[in-house]
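So you know, we letter chains A, B, ... as the sequences are listed, proteins then strands, and number each from 1.
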There are 2 protein chains.
Amino acid sequence: MKSVGSVKVERRSLDSRAADVLREQILSGNLVPGQRVTETALAAQLEVSRGTLRAALRALAHEGLIQQVAYTKWMLPEFSHADAWELYTLRGTLEGMAARLAAEHRTRDCVATLEAAFERLVAAVGSRKHGRVAEADLALHKTIVAITGHQRLIDQYRLLEQQVRHYIISSNALIMDLNQIVAEHQPIVRAIVAGEPEKAERLARQHNAPEVERAAEALVRERAAAKASPGKPATKAAARRGAGSQKEPVKANA
Amino acid sequence: MKSVGSVKVERRSLDSRAADVLREQILSGNLVPGQRVTETALAAQLEVSRGTLRAALRALAHEGLIQQVAYTKWMLPEFSHADAWELYTLRGTLEGMAARLAAEHRTRDCVATLEAAFERLVAAVGSRKHGRVAEADLALHKTIVAITGHQRLIDQYRLLEQQVRHYIISSNALIMDLNQIVAEHQPIVRAIVAGEPEKAERLARQHNAPEVERAAEALVRERAAAKASPGKPATKAAARRGAGSQKEPVKANA
DNA sequence: GGATTGATAATTGTCAACAATCTCCCTTGA
DNA sequence: TCAAGGGAGATTGTTGACAATTATCAATCC
């Protein structure tokens with residue numbers, strides 16, 4: 001018995017496999033933001049019962065990949081600038097925490113895993129293929145989180161990363177300068193390997209700063225425009241967000 | 001129409017209300033960690049169908065309040081020292097982020113809300129009732145998070161806070177020095193009101209440091225004991241955790 | 001005596017039918 | 001012309017029955 005894992009038969013429940021398929025569909029951009037989906041149609045398409053499909057949809061709702069309007073409909077979320085700001089501020093904080101922990105509790109194995117991921121990024125940049133670089137980039141960050149061994153952080157980061165991917169896909173927000181990619185990541189890796197928690201955290205957080213600033217500036221512009229013609233928010237998503245969360249803090253149900 | 005909310009009829013779905021009841025049961029300690037629960041029994045007790053109850057259980061599973069073993073059983077999680085370490089490190093980071101954001105983007109309303117929450121904590125300490133102080137303490141931290149307006153942070157913090165409450169309940173880990181409570185919180189509030197992001201973040205994170213250290217020390221002791229008598233982890237929860245998450249990073253299924 | 005196999009009971013997984021609710025559009029009236 | 005009301009159709013919410021899987025335990029064989 002050496003390295004099984006792929007030969008065993010599928011033992012997971014049908015609804016979790018249905019969720020996998022739907023997740024793939026959403027993250028690949030086959031379903032566009034704002035689009036409505038109906039349970040019956042999806043159930044027929046995946047050839048599972050409506051009950052099973054509902055369980056899958058609910059799982060995705062918990063992951064932030066789809067939204068439910070009770071008694072009414074399911075729909076793909078539309079991303080506003082506020083969403084982008086939330087995603088990247090949170091990502092900066094979580095990656096900062098991960099980098100700090102990784103630097104504090106690093107082991108020989110962890111360092112090896114990290115450096116291997118970094119090497120794969122360097123190789124990807126060398127290939128000049130944007131898709132491969134993007135994948136290796138995400139994988140490196142995921143590795144930093146993984147080597148902390150902090151299960152809750154890992155789970156949470158995975159959900160956040162999914163939403164970031166969804167946002168990037170649906171807003172074509174992917175901008176990369178291949179020549180800077182390595183230079184931007186190397187200091188973070190070095191700080192972790194060298195065991196410098198403070199520095200690692202600061203660098204990892206700063207890595208997300210450009211996206212945060214871009215979103216923040218867009219938000220300010222948006223609010224200025226809304227002020228010019230009041231009573232008419234710039235996007236539907238902004239209106240939706242503005243409605244619920246003013247008074248009565250922390251009471252939503254999902 | 002002034003401050004409705006409690007008079008209108010319940011319009012939420014049955015499964016979410018069932019989840020509320022179960023959440024209350026778990027957080028009040030009526031269901032003890034390690035205990036097994038069966039769908040049929042719970043469904044009969046709540047007088048809902050099994051399908052509805054399953055939806056509720058799944059929601060709680062996503063919140064980390066219950067665990068599912070596929071095709072086998074549902075059970076209440078047992079907390080190890082590793083869990084405590086995860087909970088408090090994550091809480092420190094999220095509260096630090098919240099305090100920073102609150103200090104950066106504070107408005108007149110936010111400051112008023114925050115100071116009101118702090119006054120309630122002071123009043124609770126004055127009453128010398130431990131239960132009231134604990135509630136006001138949690139409420140103050142929740143307020144700091146709420147005034148950021150960061151919806152994803154708010155949602156995530158609520159889930160984390162629930163798990164912390166569950167941990168405190170099930171391990172009797174609540175220790176408070178009434179005389180220090182006010183002194184410990186006042187600097188954080190002041191830093192936010194004064195608009196000092198760096199300081200606010202640092203203080204909010206340090207606020208969780210004692211719990212983090214306690215958990216970390218317990219972990220070290222545990223590992224030392226495990227080394228003394230190998231092949232026999234100190235707790236079942238530690239064994240469970242140790243099994244899955246070594247190789248194959250980030251592949252578990254929620 | 002101990003391990004293995006096979007039946008049995010208990011529990012979870014899946015499904016299709018029925019009920020409740022919402023949206024949309026048409027009618028009606030001023 | 002426009003607003004209010006009502007009904008048809010579509011969609012989600014809920015349920016109980018049936019299928020698949022697992023754990024338990026006695027019987028059997030080495």
Rounded distance in Å - CE (Met75(A)) to C1' (dT11(D)): 14 Å
Side-chain ion pair, Arg158(B) and Glu161(B), N-O less than 4.0 Å: no
Touch class at under 4.0 angstrom, heavy-atom based, for Val69(B) against every strand present: nothing
Between dG13(D) (C1') and Lys73(A) (NZ): distance, integer Å: 17 Å
Arg12(A) CZ to dT21(D) P, straight-line distance once rounded to whole Å: 15 Å
Shortest side-chain distance from Ser49(B), nucleotide among dT14(D), dT11(C), dC22(C): dT14(D)
Atom-to-atom span, CD of Glu39(A) to P of dC15(C) - whole angstrom: 14 Å
Arg50(A) CZ - dA17(C) P separation (whole Å): 12 Å
Rounded interatomic separation in angstrom, taking CG from Asp15(B) and P from dA20(C): 17 Å
Leu46(A) and Thr52(A), any side-chain heavy atoms less than 4.5 Å apart: no
Between Thr107(B) and Asp109(B), a side-chain donor and acceptor under 3.5 Å: no
Protein-nucleotide distance (Arg36(B), atom CZ; dT22(D), atom P), rounded to Å: 13 Å
Arg54(A) side chain near dG13(D) phosphate (N/O to OP1/OP2, under 4.0 Å): yes
Which nucleotide in dT12(D), dG13(D), dT12(C) has an atom nearest any side-chain atom of Thr38(A): dT12(D)
Closest nucleotide among dT11(D), dT14(C), dT12(C) to the Thr40(B) side chain: dT12(C)
Protein-nucleotide distance (Tyr71(B), atom OH; dT11(C), atom C1'), rounded to Å: 12 Å
Position toward the 5' end of DNA chain C (nearest nucleotide), Val37(B) or Glu47(A): Val37(B)
Side-chain N,O (Thr52(A)) to OP1/OP2 (dG13(C)) below 4.0 Å: no
Presence of salt bridge, Arg165(B) and Glu135(B), under 4.0 angstrom: yes
Which residue lies more 5' along DNA chain C, comparing Arg17(A) with Ala70(A) via nearest heavy atoms: Arg17(A)
Carboxylate-amine/guanidinium contact Arg23(A) Glu63(A), below 4.0 Å: yes
